[in-house]
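The shown structure was predicted, so the numbers you read here are calculated from the model rather than taken from an experiment. Residue numbers start from 1 in every chain, and the chains themselves are labelled A, B, ... in the order their sequence lines are given, proteins ahead of strands.
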Amino acid sequence: MSTIDQVEKKKERKLVLTWAVTFLIVFPLLIILGLFMRLNQGRVVELDYTQFYAFMTMHGLGMAGVLFSIAFAGLWYLISTRITKLNLGVGYFVYVLVLLGFLGLAYGTMIGNFAAGWYMLYPLPFKGASWAVSSTQISSVSLIVMGVAWLVGILHLLYALAKRYGGFFNLLGWQYLRKGEHEKLPALVLVATIALVPGIFAFLVGAVMLIMFLLQSFEPTLSFDPLLLKNMTFFFGHMLVNITLYCGVGWVYGLLPEFTKREWKVDKVVVYSWNATFFFIIFAYLHHLYMDFAQPTSVQYLGQIFSYGSAIPATAVTMFGVIAQVYHSKMKWTIFPLTVLFGMMGWAIGGFAAIVDTTIAFNTGLHNTLWVPAHFHTYMLMGIVLFIFGFLFYLFSGEEGIHQENKLGKVGFWLFVVGAYGFLTMFYLSGINGVPRRFADYQGIEAGQVKEIGAQLARYAAMFIYVVLLGLLVMYWSLFTKLLKRKEASA
Amino acid sequence: MSSITILMTLQNLAGILTLAGATIVVAVVIFVLLSASEEEDKDTAKHKVYAVRTKYFAILTLVLVAGLIISLRLVPYPRAGSVADETVTIVGVQWFWRMGNGEMTTGPVEFVGSNEVTVPSQKNIKFVVTSADVNHGFGIYDSKGSLLTQTQAMPQYKNLLYYKFDNPGEYYVVCMEYCGQTHSYMVGKIHVQ
């Protein structure tokens with residue numbers, strides 16, 4: 001077994017701090033793009049269409065990328081400082097490549113006006129595009145670069161873990177299903193594996209798809225099957241967002257016991273549950289294609305069955321696991337456990353709204369309305385982002401400092417939560433009222449009062465985004481104060 | 001905001017269900033927040049929580065299975081032997097709709113149609129939906145602004161959507177899939193007589 005000395009831990013800390021600072025710079029900038037979108041939909045500002053959809057593309061792709069990056073970086077840090085040594089060079093390689101990819105994407109969208117939306121639904125980038133072919137090429141190459149970086153990072157991490165625990169299947173906890181003695185598997189490792197293995201499939205499929213895009217961009221006479229490409233798009237996209245959340249859940253399994261003083265053991269139930277989750281992660285994407293009636297109906301049914309199924313392990317094992325950790329534990333609600341509990345709450349509420357939307361009968365009336373961003377913003381903004389801030393407070397405050405009261409951090413946290421739920425409520429109300437998503441404005445809709453309701457709710461949403469930004473500002477203040485104090489103390 | 005519809009539509013039912021679910025989640029979170037202040041032996045606490053979990057697991061499984069059995073009967077897909085009283089061709093084109101009564105006899109690119117179409121009420125209408133270029137979404141709204149049904153308009157594929165308009169009046173077609181620059185103005189009209 002390899003030991004991890006203090007020097008290595010310090011180096012890994014430097015790497016994760018680099019990721020963290022990058023995240024803290026990029027995240028509010030991407031929120032501001034979203035703010036402009038809502039202001040435009042509310043007719044407060046006027047963007048031209050190209051600008052609006054380029055903002056939308058960058059907001060979506062950028063957020064998916066930056067959230068997965070920090071979620072992955074967090075897992076990398078926890079595993080490299082607690083479980084097994086990881087190659088720091090590979091860590092920086094991933095960082096540099098992702099950063100380059102991100103900058104390329106920012107160039108392709110914000111300067112090159114690439115505006116095909118985050119899922120650039122084939123053949124949209126090649127027909128009626130308002131941007132140059134080179135912008136599609138730059139954006140596609142940038143995404144491939146990011147995907148390759150993550151793929152390398154995931155493969156290295158899983159290889160190191162498999163080596164440490166004597167084989168890949170031990171990472172899935174299968175030794176718990178056999179009789180006899182075996183080494184304990186930390187829950188963090190099991191969850192990380194289940195979260196990251198689907199990532200390998202996702203990035204491979206995503207890369208193949210983007211290479212097909214590139215081929216067509218160089219050879220316009222080529223064309224591909226739009227239904228196949230649609231399946232590939234959502235296989236990649238849905239899984240990326242899904243595993244981002246599960247990476248964050250990995251931190252919860254790894255860190256919450258430090259606060260409750262209760263070990264979070266892997267047992268048979270946890271193993272069955274997370275192995276089932278693996279399949280739910282792989283196949284749940286099918287619900288994105290419910291309104292493609294050309295997809296075989298039996299596959300549509302499977303989409304709903306897998307989507308419903310994912311609720312069982314998520315709630316009965318992980319969320320009840322959190323309750324079992326906290327219940328009568330005499331734990332103080334400092335900033336970290338608070339972000340975990342409210343992150344779970346966002347996951348549960350967003351998940352509930354998702355279950356409603358993954359019911360085919362409901363999807364007929366909700367598909368591509370603002371209900372969809374409502375539910376995924378709930379489990380991203382009020383789920384994974386809260387886990388991220390919990391992790392950042394943990395990181396910036398240090399293993400001792402995090403147990404102390406952080407009033408300023410909590411003020412920021414509450415502002416952020418209140419602002420976010422206000423913002424989300426406007427999305428849900430818009431979805432209920434049939435306001436479609438991905439509309440630069442609603443002025444063309446003559447049906448009922450959709451146009452007025454959509455614009456008004458967008459203006460209210462923008463006001464709540466200001467509260468979200470204020471909450472972020474206060475949390476940033478608290479985070480950097482903690483970091484500086486820690487630096488002074490260590491100096 | 002008084003204009004927000006309060007009628008029981010599919011969307012309102014989704015909203016009510018989600019609100020109920022969110023209320024239960026918030027109640028559990030408050031309970032957990034308060035419960036942490038007490039102290040109990042770890043195994044006893046765990047035993048209590050897991051006893052509740054067993055019941056929860058059984059109830060959740062039952063609810064999900066019941067939900068599947070009920071909801072999968074209500075899917076919008078064409079059934080074998082579906083009979084149409086009238087057929088309407090719908091072709092999405094960046095950024096307008098070509099719609100016309102009857103089956104399409106040309107390819108989608110050559111199809112000539114208009115942004116408006118007239119159909120009878122109380123009849124089973126078969127919409128044959130496709131696209132001449134990129135993916136679009138064929139969404140039908142009523143005059144109150146409720147999204148009634150939809151299907152994707154995809155190039156190279158024909159999606160069949162059967163729908164019966166109960167009442168005569170004006171219905172609106174809105175593009176439900178992002179299709180480029182002026183996507184938000186890709187609208188049409190269905191006159192139901």
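For the options A:Ala294, A:Gly309, A:Pro337, heavy-atom pairs under 4.5 Å to chain B are most numerous at A:Ala294.
Of the atoms belonging to A:Val326, heavy atoms from both backbone and side chain fall under 4.5 Å from chain B. When heavy atoms are compared at a cutoff of 4.5 Å, B:Gln94 approaches chain A solely by way of its side chain, counted from C-beta outward. Heavy atoms of B:Val32 lying under 4.5 Å from chain A belong to its backbone as well as its side chain. For a residue to count as touching a neighbouring chain, one of its non-hydrogen atoms must lie under 4.5 Å from one of that chain's; by this rule B:Leu160 touches chain A with the backbone only. Residue B:Val52 touches chain A through both its backbone and its side chain, counting heavy-atom pairs closer than 4.5 Å. Looking at B:Leu161, both its backbone and its side chain come within 4.5 Å of chain A, counting heavy atoms on both sides. For B:Ser37, the part lying near chain A is the backbone, with the side chain staying farther off; criterion is any non-hydrogen pair under 4.5 Å. Neither the backbone nor the side chain of A:Phe126 comes within less than 4.5 Å of any heavy atom in chain B. With a 4.5 Å cut-off on non-hydrogen atoms, A:Met344 does not touch chain B at all.
In summary, A:Lys330 and B:Glu40 do not engage in a salt bridge, as defined by a charged side-chain N under 4.0 Å from a carboxylate O.
Atom OG of A:Ser223 sits about 5.5 Å away from atom CD of B:Gln156, to the nearest 0.5 Å.
The distance between the ring centers of B:Tyr178 and A:Tyr53 falls below 6.0 angstrom.
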